[in-house]
Each structure stands twice: as structure tokens, then as C-alpha cells.
Amino acid sequence: MRLKLFLPFLLLLGTAAIAKDPWRKTGGANTLLSAEQAFALMPVEAHPGRLMLRWQIAPGYYLYQHRFQLESLPPAAPLKLQFPPGQTRHDEHFGDVITHGGAQALQLTLSVPVNQAPKRLRVQYQGCAEVGVCLPPQTRIVDVVSAQP
Amino acid sequence: MIKTLRTAAWLAVIAITAAYAGFWAQHHWQSSGRTVPDAPILAAEITLTGLDGQTRKLSDYRGKLVLVNFWATWCSPCVAEMPLLMEAQNTYGPRGLQVLGPALDDRASIEAFVQKLGIRYPVGVDYAQADAAMKQFANEQGALPYSVLISPDGEVIQTLLGGLNKEQLKQLLEPQLPISF
């Protein structure tokens, strides 16, 4: 009988201990990843007629689609990225935004004229963690490598 | 039959209790990336260049409870909490609170946002200044929003990573301020 009385309280303690802790999802406040770790940009590869840009996005983090910017160096014709389907989030201040994350590799394609692919790019992107903090915008200057045959 | 009903009732009580505990725990832990120094740490001197062009130092506010809030317009949780920070400044300013808002952003975006929300506490418009200040307060990743609560004696009381809601702000500030009569 006494056990039955205490059982809810025991479960309360146990559940509180294992309840969803958003900081635990990203390894805790003290182990929040840096932007470089959360959004790892892979080498940019040149394929015939297109460039491939890939990011490995850590679990619990996401990138904003509208924060991607790409520029060839030296500057040339504007570059237009093609995005895969993302997740639409409604933000109280930014409205509906598309994000990419979910512990997956994000692959963006850029169509370029054959033999006119830029050799160097300025890539900008920015994202946040699901726990409710945002990481600073990133700017990377990357050299384009030829894809392995 | 009665035994089955009794078992079902107990299971329902347990399920409701567990759900409440989970909700409470999530609410308590959310936005609670808090760090309290093990020993007193004197806050580093930081500089804030405002929209008015004036340069202020943290030590200019010695004698006040200072909440330094690092933010940016590209940071949604930052944007969400700033009206609450303005409200806190209005409410607790007479009791000795001073909010400061160094921004990691461009001046035009900062100015437009400050005007839109009617932010009246000093904000900083120098990105490099804000970035350097934030790193002095141990936020190497540059994640936002990031707040640092500093005592009237200039010691760091607490650092917080993540946004604060109204209740959390009240719980953070009230115990540190003189009682109002």
C-alpha cells in the first residue's frame, strides 16, 4: 500500500531526470558546437556543368536557406544555388523561413557553363541550434576542386 | 472489474504526473545555459560605442546591477527577448538596473531595429567591439543571445546562453536588486 503511495513520486523524480532536456540534445550548454563544427563545409567539387556544395550539419542544428550567399572570386555573373526541399518554420519575427538540418548532409547544386566554373568562391551561411541559440554568420573563401572521376 | 478500474486509475495518475514533470523540467531547463562562477570574478572592462557615437565603459556603471545582453537582428531568440529587456529596464531601472546591448550586426540593421522596438537602453554598434567583449566573457563560439549579469561591485554574478522569458528575467533580477517600497 505504501509503495503505491510513493510510486508516483518515484516516477516523478525519474521522469524529471530523463525528461526532454533541450541542452542535452546538443550536448549541454558547455558543449555547444562552434559554427565550424555544427555546419562543416566540405570541399566544393566541380562536375561537368555544375558545382556541388555540401555541408555536414550536426544533430540539433539547422541553416537558414535565405542566409546562403555565394559569389565567385573574382566577381563574375551572379550565381544561383539550387536547394533541396527544406523544413518550413514559422518565426515570430522573420515570418515563414525555410531551414535545412536534421543531422544530414546538405547538398546544394550550382549550374555553371561547361569549362567556365569559378575557381574560387565566397560562401556565406548562418544557422542556429534547436535549443534556441544562434551561431554567427560564416564566410568562407574556398577553392573549387575537380570531382574525383 | 474493480481491480482493473483501480489499475487504470493508477496508471492515469502516473501518466499525468509524468507528463507534468516532463513539462516542468523542460520549462525549467529551457534557455538555462547558465554559468555561475565558482569564485568571484571581476568583470572585464568592455567598451560600447552607441548609436549616438558616445563610447561608454562598463566601469561607468559601477554601483548599478548591469545586464549586458549580446544580440543581433539575425538572431530570432535575441529579437524575441529584447522587448522584455526594455520592459525590465523600465521596471527595474529605478531600483538600479542598467541593461546594455552590444550588437554583433551592421549599424543600419541595428538602428532600424532599435527604432522599431523603441529600445532606450544603450546598444553598441561596433561588431568587432561586441565580439571581443563577448569572448572576454567566455563565449568563444559567439552564440547568441548571451547575457552577463554583473553586480554593482563589478563582479560577474552569472552568464546565460539563450533567451530569457519574462518570468526568468524576474527571477534573475529581483533577488539582486534593493527592495522597493
Side-chain angles (χ1 to χ4, degrees), chain A residues 1 3-39 58 61-64 66-67 69 89-95 97 99 124-138, chain B residues 6-7 9-35 70-83 104-106 113 116-117 127 130-131 134 138-147 159-165:
Chain A
M1 180 61 184
L3 179 62
K4 281 187 182 177
L5 287 175
F6 282 112
L7 191 56
F9 296 101
L10 292 173
L11 281 171
L12 172 69
L13 290 174
T15 306
I18 63 171
K20 184 181 174 184
D21 173 5
W23 289 101
R24 188 172 298 152
K25 196 190 295 187
T26 55
N30 291 333
T31 58
L32 184 72
L33 298 178
S34 66
E36 291 83 357
Q37 294 169 320
F39 314 119
Y61 294 80
Y62 56 90
L63 288 167
Y64 286 109
H66 69 281
R67 297 285 300 184
Q69 284 188 41
R89 298 172 185 253
H90 180 73
D91 185 277
E92 183 188 341
H93 297 276
F94 301 153
V97 293
T99 62
Q124 293 175 283
Y125 49 96
Q126 188 263 321
C128 302
E130 297 283 1
V131 292
V133 298
C134 289
L135 295 170
Q138 300 296 293
Chain B
R6 191 181 294 168
T7 304
W10 270 111
L11 286 173
V13 167
I14 291 165
I16 291 168
T17 306
Y20 179 77
F23 174 77
W24 174 87
Q26 183 182 21
H27 180 74
H28 178 70
W29 280 323
Q30 196 158 3
S31 298
S32 64
R34 300 169 185 241
T35 303
F70 296 92
W71 66 283
T73 60
W74 44 258
C75 163
S76 179
C78 303
V79 168
E81 75 172 352
M82 284 186 78
L104 287 91
D105 218 324
D106 62 275
F113 184 77
K116 180 182 171 185
L117 288 195
Y127 190 117
D131 192 45
M134 197 166 57
N139 184 3
E140 290 297 329
Q141 295 100 328
L144 298 178
Y146 187 69
S147 299
T159 62
L160 305 102
L161 181 60
L164 296 165
N165 60 35

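Keep in mind that this is a model prediction, so the values were computed, not measured. So you know, we letter chains A, B, ... as the sequences are listed, proteins then strands, and number each from 1.
Looking at B:Y127, only its side chain comes within 4.5 Å of chain A, counting heavy atoms on both sides. Heavy atoms of B:T73 lying under 4.5 Å from chain A belong exclusively to its backbone. For B:L144, the parts lying under 4.5 angstrom from a heavy atom of chain A are both the backbone and the side chain.
With A:Q126 contributing its side chain and A:L135 its backbone, the two residues share a donor-acceptor pair below 3.5 Å. Remark: side-chain polar atoms of B:W71 are not paired, donor with acceptor, to backbone N or O of B:D105 under 3.5 angstrom. Judged by distance alone, the side chain of A:Q69 and the main-chain N or O of A:R67 form no donor-acceptor pair under 3.5 Å.
By the 4.5 Å heavy-atom criterion applied to side chains, A:Y61 and A:L32 are counted as neighbours.
Between B:Y146 and B:F70, the angle of the ring planes lies from 30° to 60°, which puts this pair in the tilted group.
Annotation: maximal heavy-atom pairing with chain B below 4.5 Å, among A:A35, A:P137, A:A38, A:C128, occurs at A:P137. By number of non-hydrogen pairs under 4.5 angstrom with chain A, the leading residue of B:P77, B:S76, B:C75 is B:S76.
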